[in-house]
Trainee: 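The structure's right below; bear with me while I get my questions together.
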Protein chains: 2
Amino acid sequence: MAIPESPRRRSRDDVAEMALHLLDEFGLPDLTMRRLATALGVQPSALYWHFPNKQALLAAVSEQILAPMSDIHLDELPLPRAACALGARMRECLLEHRDAAELVSSSLALGLVEPPVRPALLDAARRHGVNDQLAEVAAEVVVHFVLGFVFHEQQRLTADSLGLLERSPAASTDEAGFTEAMTLIADGLEVSMGRRA
Amino acid sequence: MAIPESPRRRSRDDVAEMALHLLDEFGLPDLTMRRLATALGVQPSALYWHFPNKQALLAAVSEQILAPMSDIHLDELPLPRAACALGARMRECLLEHRDAAELVSSSLALGLVEPPVRPALLDAARRHGVNDQLAEVAAEVVVHFVLGFVFHEQQRLTADSLGLLERSPAASTDEAGFTEAMTLIADGLEVSMGRRA
DNA sequence: ACCTGAACACCGTTCAAGT
DNA sequence: ACCTGAACACCGTTCAAGT
């Protein structure tokens, strides 16, 4: 009398979601198409119906990671403070998921994902009558710095979870270095704004 | 009568040099241990006598790429100008070799290679009586920004050498964006120095 | 529309054994 | 000291065929 389980088919989103899950559990090097297929109860070739290739799949995962970026509200923050806030938020998003900085970095470089912080920063610039081009430069500096910084941070995380790493001086003193660097960038931004005004 | 060619053995440096050559010719994804072995006329397993693993080999290649960093002379340049000069030099080094930014980025994150610009920047700071810690922050910002920027730049290079890329508006307007960003960083550095003095 | 089965052309790494 | 030969345990991707 039991209605036979219809063999549930997967959507594109199901696949990306499972990929993110595997990323957190096993890390980027072990996020393979074959592992992902197995986790979904499917043949590896089935994934190629949903995505043209692995890079496209990884781009979808990148988008998931960066999705929380859009519910930040900067209100009337001036450009330099907005840059700081966006950089900090981006770091938080990346730190939520294992190897996220490396993954997003490559999706971004390949142009498969839109640079985060850019739209919000352009918006903030316009509200305060600041040149678009300056906002573009700021976005580039912030995005690259944050990705590089967190990349480094996360590699160290997995390195000493692996037991390597001779010196591990308590937890990370990274937090302070990060905000200090973001302040430096904000200061530079302020000077540039003054020069143009 | 001919003296038989002694089967020339390879040094560690020979291997790294050939790897750099293959990197330029075929790019990072095609720089495999097997290809490298073939190019050297040797079995893949032979490489593991010279290097414990592929990452170590790639670190040696990274060092070659960054080697020209050390023949820059900053003389009496103040810290912000030194940062600009070092960033620009680092970009030049990276642009000399295909996919260099991606490669160096990962060697650096793994801690297998020493951060370029850092020693020279610390030196410049000391000569001018600037706090070490500020030089550290500056080094981090510059290194991460340059790597991220050039990574992006190089990915676009290989992307449109591959024929992809819908819009290719003449050559790259990257040069201008880069110097502008470095100036922004230098300005921030100057402000920070002022605050501490 | 969504997936299977089977194959193709590769990978990095290990290890006993040779010279 | 430096390398061979052979194997192990994998990869991403394609494609005809199934339902």
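Protein chains get the first letters and strands the later ones, always in sequence-line order, with residue 1 at the start of each. Computed from heavy atoms alone, side chains included, the values below leave out hydrogens, waters and symmetry copies. Note that the coordinates shown come from a computational prediction; the quantities given were computed from them, not determined experimentally.
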Trainee: Do B:Leu36 and B:Met18 have side chains that approach each other closer than 4.5 Å (heavy atoms only, starting at C-beta)?
Mentor: yes
Trainee: Would you say A:Leu95 and A:Glu153 make side-chain contact, with heavy atoms under 4.5 Å?
Mentor: yes
Trainee: Determine, stepwise, if the pair B:Leu31 / B:Leu58 fulfils side-chain contact (heavy atoms from CB on, under 4.5 Å).
Mentor: CA-CA 10 Å; B:Leu31 175 50; B:Leu58 293 181; 4.1 Å; yes
Trainee: Taking only side-chain N and O atoms of A:His50, does any of them lie within less than 4.0 angstrom of OP1 or OP2 on C:dC3?
Mentor: yes
Trainee: Do B:Arg127 side-chain atoms and B:Asp75 backbone N/O form a donor-acceptor pair below 3.5 Å?
Mentor: yes
Trainee: Would you sort out whether A:His152 and B:Leu108 count as a side-chain contact (heavy atoms from CB on, under 4.5 Å), showing the intermediate values?
Mentor: CA-CA 8 Å; A:His152 193 187; B:Leu108 209 75; over 6 Å; no
Trainee: Out of curiosity, A:Met69 CE to A:Arg118 CZ, how far, rounded to the nearest 0.5 Å?
Mentor: 13.0 Å
Trainee: Whether B:Arg91 engages the ring of B:Phe178 as a cation-pi pair (distance to the six-membered ring centre under 6.0 angstrom, angle to the ring normal within 45°) should be assessed.
Mentor: yes
Trainee: Verify the contact: side-chain N or O of A:Arg10 to OP1 or OP2 of C:dC3, cut-off strictly under 4.0 Å; return yes or no.
Mentor: yes
Trainee: For C:dC10 versus D:dA9, give the span between their C1' atoms, rounded off to a whole number of Å.
Mentor: 13 Å
Trainee: In which stems does DNA chain C show up, taking only runs of three or more Watson-Crick or G-U wobble pairs whose two distances fall under 3.5 Å?
Mentor: C:4-8 with D:12-16, C:12-16 with D:4-8
Trainee: Taking atom P in both C:dC2 and D:dA17, what distance in whole Å separates the two?
Mentor: 22 Å
Trainee: Take atom CZ in B:Arg81; do more than 12 heavy atoms of anything else shown fall under 6.0 Å from it?
Mentor: no
Trainee: How does protein contact run along nucleotides 4-19 of chain D, one letter per nucleotide 5' to 3', with B for base contact, S for sugar-phosphate only, - for none, heavy atoms under 4.0 Å?
Mentor: BB-----BBBBB----
